[in-house]
Colleague: 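To start, I am sharing the structure in question, which I have written as structure tokens.
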Amino acid sequence: MSKRHWLLSLLTCAGVWSASLPTVGQALLPYTPNLDLEQLEEQGLVYAEEAIQLVRFRQYDLALARAKLATQLAPNQYQTWFILGSLYLQKEDLDQGVETLNKALELAPEEPGILFTLGNAYFQQKDYKLAAQYLEKGLKLKPDTPTALFDLGNVYLKMNRYGDSIKAYETAVKQEKDFWPAINNIGLIKYEQGETKSAIEQWQMAIKIDQQQAEPRLAVAVAVYAQGKQAEGLKLGEEALKIDARYSDLTFLADNLWGKRLLKDTETFLNTPPMQSLVKQLESQPPDELSEE
């Protein structure tokens, strides 16, 4: 499992909710008021909060427009740049997002939320050295952040620093015991290290926490099938793909940090006649039918 993007939680971490916002006037004046800088800045913060509310309703284009205006009216408030940068990342405009987030960081160099978001952005850009640098700095300031620890574990995994990766994941789980993605990814590392039994145990723990997650279920299916337990593996594989058919795509699995050994065994598993038949069946069904099963 790769990084899950928690835009709203990161915005909260940055403190935008604590901004003191003015009450918007109810009447239109018959003339253009002479607004001073403080009034303009307050209006910018109003637009920033509106952008956040629009994010809640997944109105990202409208939110982006509000956020851009907010930075124009309140350019000295890091929250406005942070919101705008986060929205660029949401729209997968990584370069613009990084540039904007760095403007926020100039205004608030010790703000953990900005550091965490930049770490995630650099991870997506495959600049793992910078990603680790920003995440580590943020965690020194705010160590009790499971999602940031999860991000750092992912970065270390890509850097082949497996021991550090497992330590980051385990720390995340200590802080949030039901954080199944971290448990799942420990299994991914264990499998690459040849510790199949331990990997299966991790994935089974993840399934116990959330039975509606396809990833750990498919991982167990592949692992037990490779052990010769074909009937059990095929049954679990069918259950997993009916939950989320995207996991039949090896590229998707690689993007979710599945390693070479697991991908090789998964390819063998998915090429079995029962799995091939199931994948074709799922591909022919409309998405709404899949969600009803």
Side-chain angles (χ1 to χ4, degrees), residues 2-125 127 130-131 134-135 137-138 141-142 145-148 150-151 287:
S2 185
K3 176 63 182 80
R4 301 172 299 169
H5 190 60
W6 302 108
L7 177 58
L8 288 175
S9 64
L10 288 171
L11 295 176
T12 303
C13 184
V16 294
W17 297 109
S18 62
S20 177
L21 301 175
T23 301
V24 180
Q26 296 180 359
L28 291 176
L29 299 178
Y31 59 89
T32 302
N34 293 317
L35 298 175
D36 59 26
L37 291 178
E38 184 177 349
Q39 288 175 308
L40 289 172
E41 190 169 82
E42 288 178 344
Q43 187 60 49
L45 292 173
V46 170
Y47 287 134
E49 181 161 316
E50 288 179 359
I52 296 171
Q53 297 298 337
L54 288 165
V55 168
R56 286 183 174 276
F57 295 101
R58 300 183 182 276
Q59 299 292 322
Y60 297 118
D61 289 336
L62 291 174
L64 187 64
R66 290 290 196 283
K68 287 179 179 178
L69 187 55
T71 61
Q72 294 172 15
L73 296 176
N76 295 320
Q77 296 292 327
Y78 79 86
Q79 293 98 331
T80 61
W81 294 104
F82 179 60
I83 293 167
L84 180 59
S86 298
L87 283 166
Y88 279 130
L89 297 187
Q90 184 72 37
K91 294 178 69 66
E92 299 185 357
D93 188 345
L94 298 181
D95 292 340
Q96 191 68 52
V98 167
E99 181 181 341
T100 305
L101 288 167
N102 273 306
K103 291 180 181 179
L105 192 64
E106 290 175 7
L107 295 169
E110 299 298 308
E111 176 53 51
I114 303 172
L115 294 165
F116 294 151
T117 310
L118 272 169
N120 175 252
Y122 285 122
F123 175 81
Q124 293 183 65
Q125 289 185 325
D127 191 336
L130 268 181
Y134 281 98
L135 289 165
K137 183 177 180 181
L141 297 167
K142 190 174 175 58
T145 312
T147 52
F150 176 68
D151 281 353

Colleague: Just verifying a value: how many Å separate Q79 CD and L107 CG, rounded to the nearest 0.5 Å?
Modeller: 9.0 Å
Colleague: Return the set of residues passing salt bridge (charged side-chain N to carboxylate O under 4.0 Å, His left out) with K91 (not counting sequence neighbours), or none when no residue passes.
Modeller: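 Applying salt bridge (charged side-chain N to carboxylate O under 4.0 Å, His left out) to K91 gives D61.
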Colleague: L105 versus Y78: any side-chain heavy-atom pair under 4.5 Å?
Modeller: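 They are not in side-chain contact.
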Colleague: As a quick check of understanding, evaluate side chain to side chain contact (heavy atoms under 4.5 Å, CB included) for L101 and F82, giving each step before the final call.
Modeller: CA-CA 6 Å; L101 288 167; F82 179 60; 3.6 Å; yes
Colleague: Considering non-hydrogen atoms only, spot the tightest contact between G97 and L89 and give its length.
Modeller: CA-CD2, 4.0 Å
Colleague: Show the nearest heavy-atom pair for residues P112 and G138, with the distance to one decimal.
Modeller: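 Of all heavy-atom pairs spanning P112 and G138, the closest is CB-O, 4.1 Å.
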Colleague: Which atom pair, heavy atoms only, marks the closest approach of A67 to L87?
Modeller: CB-CD1, 3.7 Å
Colleague: Going through the checks in order, is the side chain to side chain contact (heavy atoms under 4.5 Å, CB included) test met by I52 and R66?
Modeller: CA-CA 9 Å; I52 296 171; R66 290 290 196 283; over 6 Å; no
Colleague: Report the distance from atom CG of L94 to atom OH of Y122, rounding to the nearest 0.5 Å.
Modeller: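 Rounded to the nearest 0.5 Å, the CG-OH separation comes out at 11.0 Å.
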Colleague: Are side-chain heavy atoms of F116 and K142 found at a separation under 4.5 Å?
Modeller: yes
Colleague: Tell me, do V46 and E42 make a side-chain contact under 4.5 Å, heavy atoms counted?
Modeller: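 Sidechains of E42 and V46: no contact.
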Colleague: Any chance you could measure Q43, atom CD, to L69, atom CG, to the nearest 0.5 Å?
Modeller: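 Rounded to the nearest 0.5 Å, the CD-CG separation comes out at 8.0 Å.
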Colleague: What are the two closest non-hydrogen atoms of A148 and L135, and how far apart are they?
Modeller: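 Of all heavy-atom pairs spanning A148 and L135, the closest is O-CD2, 4.1 Å.
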Colleague: Any idea which heavy atoms bring G44 and A74 closest together, and the distance?
Modeller: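 Heavy-atom minimum between the residues: CA-CB, 4.2 Å.
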Colleague: Quick one: does any side-chain atom of W81 pair with a main-chain N or O of P75 as donor and acceptor, under 3.5 Å?
Modeller: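 Judged by distance alone, yes, a pair lies under 3.5 Å.
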Colleague: Taking all atoms of both residues into account, what is the closest heavy-atom pair of T80 and A48, and its distance?
Modeller: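 What the structure gives for the nearest pair is CG2-CB, 4.2 Å.
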Colleague: With rounding to the nearest 0.5 Å, note down the distance linking CG in N102 to OH in Y134.
Modeller: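 Spacing of CG (N102) from OH (Y134) equals 5.0 Å.
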Colleague: Would you compute the distance between atom CG of N76 and atom OG1 of T71 and round it to the nearest 0.5 angstrom?
Modeller: 11.5 Å
Colleague: Measure the shortest side-chain to side-chain distance between E50 and L62 over non-hydrogen atoms and say whether it is less than 4.5 angstrom.
Modeller: no
Colleague: For T100 and L84, indicate whether the former's side chain and the latter's backbone hold a donor-acceptor pair under 3.5 Å.
Modeller: no
Colleague: Not counting sequence neighbours, which residues clear side-chain hydrogen bond (donor to acceptor under 3.5 Å, both in side chains) with Q96? List them please.
Modeller: none
Colleague: Taking atom CZ of F150 and atom OG1 of T145, what is their separation to the nearest 0.5 Å?
Modeller: 14.5 Å
Colleague: Does the side chain of F123 reach to within under 4.5 Å of the side chain of D151, using non-hydrogen atoms?
Modeller: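 Heavy-atom side-chain distance check fails, nothing below 4.5 Å.
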Colleague: Return yes if a side-chain donor-acceptor contact under 3.5 Å exists between N120 and Q124, otherwise no.
Modeller: yes
